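Numbering of ligands and ligand atoms starts at 1, following listing order. Note that the structure is a prediction, hence the values are computed from the model and not measured.
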Amino acid sequence: MVSEIAKKAAEKEIREELRIAAIKNAIEFGTAREGALIGRLISKFPELKSKMKEISAMAKEAVDEINGMSAAEIKKASKKYEKLFEEEKRRKIEESAEARLELKGVSGSFATRFPPEPSGYMHIGHAKVAFMEQRFAQMYGGKLFLYFDDTNPEKEKQEFVDAMKRDLAWLGIEFDREYYASDNIESLYGYAERLIESGNAYACLCDAAKLKESRLKMIGCEHRKQDTLENMRLWKEMLGRKFKENEAVLRLKAEIDSKNTAMRDPTLFRIKYSLHYRQGGRYAAWPTYSFNTPIVDSLNGVSDVIRSKEYEMTDELYYRILDLLSMGKPRIHSVARLEIANNMTSKRKLNELIKQGKIHGYDDPRLVTITALRRRGILPEAIKRLALRFGMSKTESAVSINMLLAENRKLIDPTAKRLFFVEKPFMLTVSGIPERMRKISIRLHPSTELGYRKYKLNDRFFINTADALKLKEGTRVALKDAFSVRIEKLGDGKAEGTYMKENAEERIQWVNEGNYGECSIEVIGDLLKGEAFNDESIKVSKGYVESFAANLDDGEVVQFERVGFFKVDDKNAMLFISL
Ligand SMILES: [Zn+2]
């Protein structure tokens, strides 16, 4: 009889699965086909392979039903499964991401570069590009370079170069060579002069407002018509420090009326007198990113550039400069930027939050800078998995931080010690504990051999108030991994019970009054709520933890059973942050 019911339930489930598959198939291809339904079902329930005959009959019925419906009816029926279909689609993209991790048109020797500007801290978006480049360099047996794009003297600092190198080393990304844009200034001057001589660049003395207006209105200024001799004379004056900052720039003579704003006679050099962290006061004329990047790439034999989609508009300019100078052209591949939902990486906005005292600094565990992720206890491998899982997709969408945390949990779970944590402690006094039950050893991990925590128990236990609220007189409850207790008396903030030999079903976490310590946990939430700072981005609570916690190392990851994974953020303060 029981098996008959189970069989009916199973059949109902199979029919439902087949119906869902038929709807999906019909939406995707116009009509549903039996083969597709069966394939999907078998991949989900491989054990059904032995029941092909029955399955085929059921599949046929499902196909007939759905194919007999109008398009509108199918659409209506599919509404119920929208979420499921979306989830399946996302999974499919992720699963095939590794397969789609390839670059179009790669041939011959391969070299790519990671091009940070040392004007801030690396974040997860940078890491995505760096990990992809590392993977491609491995895949194509090529080289990976580290290229510091440092031609903004007022913004860049050695401190940022050092921080980036430290972050990259921590991520496990190694480079074949390291070079700096600012080491190439002399040769970049030479290329600028070639463009002036060939009539493709001119010195412009318009002020910033006029420059902006002429670009907006797509009208060339009077300097556009200057002859080569005049341009060369003004350029030499720029180099000779005859102008103040913003008084003169060198511009490319491209298309002032181009639909692509990046092509409207962009600036190639500007005057900057700030001291440069690497070059000091050696140079006054500094190239823009648009000018130095293609040239330095080409000079270093970069064959392929991977960059986020937001820069696509500048591709035309990148190629134009190399064409005008008859230099070798790398291929450019665009990829979606990795953004984390309800978070941000804008330097200006982060600095504001730091100033307001709302976050501690760039390593605040709510942030997605690399230094913050490291402090929080995220492993490089988790970041790498997230970085690579979307392949070369250009579909931009903000990803939930939970995706990263889930990857990280998979990695830390096998080695994270288990401990009990009690929030809002409630005292439970137990009488009648046999002497032999007082000495206790509890495994530090259910399946990995990590050893034991050992305690001598007294009569007084702390349990979570949330658990205590469910107790009644006469309730039987198991103190997990110790023994069971029958509740005899309940009072305000405390309870009394007696030792039980039998095992109770309901298991709760506890700490013993003879072996505990106070601790604080910080549960990290989203940095932002909508556009604004989330005032509840950190929830702090205090509680009691087993005394074994004193043996943990700073930075070690543990799992508080039923609460979650935490990292020891400050051992002396017994402060844990959530993972
Ligand atoms: Zn001008």
Side-chain angles (χ1 to χ4, degrees), residues 117 119 149-156 181-182 184-276 279 281-296 310-327:
E117 182 185 1
S119 61
D149 177 31
D150 60 344
T151 55
N152 270 319
E154 70 270 66
K155 285 193 192 166
E156 293 146 2
S182 68
N184 293 272
I185 300 297
E186 303 282 353
S187 95
L188 290 164
Y189 286 167
Y191 289 106
E193 276 160 32
R194 274 171 60 185
L195 289 183
I196 296 169
E197 280 160 5
S198 60
N200 288 302
Y202 62 97
C204 169
L205 310 185
C206 294
D207 63 22
K210 202 176 160 203
L211 242 160
K212 197 175 163 191
E213 198 197 330
S214 98
R215 282 199 181 120
L216 197 73
K217 293 191 172 159
M218 301 191 271
I219 303 165
C221 67
E222 70 260 35
H223 308 105
R224 202 173 201 269
K225 295 175 223 127
Q226 277 158 188
D227 63 23
T228 303
L229 273 175
E230 179 65 359
N231 281 325
M232 194 57 91
R233 188 183 68 78
L234 291 167
W235 165 250
K236 293 289 181 197
E237 285 192 353
M238 281 173 72
L239 297 183
R241 299 168 194 254
K242 297 277 163 54
F243 294 103
K244 291 194 189 113
E245 288 193 9
N246 303 320
E247 276 185 352
V249 293
L250 187 73
R251 295 174 72 177
L252 186 72
K253 197 187 256 185
E255 285 87 47
I256 195 75
D257 56 353
S258 172
K259 271 190 196 147
N260 182 351
T261 51
M263 295 307 288
R264 293 182 195 162
D265 289 13
T267 300
L268 305 180
F269 278 85
R270 63 265 199 261
I271 307 285
K272 302 265 180 196
Y273 289 118
S274 308
L275 290 186
H276 188 271
Q279 311 298 341
R282 203 173 299 160
Y283 307 112
W286 286 94
T288 55
Y289 172 85
S290 327
F291 187 68
N292 59 258
T293 300
I295 296 173
V296 177
E310 66 205 277
Y311 296 111
E312 260 177 352
M313 260 181 51
T314 64
D315 290 357
E316 190 182 350
L317 176 56
Y318 183 99
Y319 287 135
R320 174 70 58 87
I321 287 168
L322 294 177
D323 274 333
L324 290 172
L325 294 168
S326 310
M327 296 177 82

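The heavy-atom pair separating Thr261 from Met313 by the smallest distance is OG1-CE, 3.1 Å.
Looking at residues two or more places apart in sequence or on another chain, you find a side-chain contact (heavy atoms from CB on, under 4.5 Å) between Asp149 and Tyr147, Thr151, Ala181, Tyr289, Asn292, Thr293. Checked against ring pair (Phe, Tyr, Trp, His ring centres under 6.0 Å), His276 has the following partners two or more places apart in sequence or in another chain: Trp286. Partners of Tyr318 according to the ring pair (Phe, Tyr, Trp, His ring centres under 6.0 Å) rule, which considers only residues two or more places apart in sequence or in another chain, do not exist here.
Side-chain atoms of Arg270 and Thr288, non-hydrogen and from C-beta on, do get closer than 4.5 Å to each other. In this structure, the side chains of Asp265 and Tyr202 come closer than 4.5 Å at one or more pairs of heavy atoms.
Among protein atoms, those of element N, O or S found less than 2.8 Å away from the Zn ion (ligand 1) are Cys204 SG, Cys206 SG, Cys221 SG, His223 ND1.
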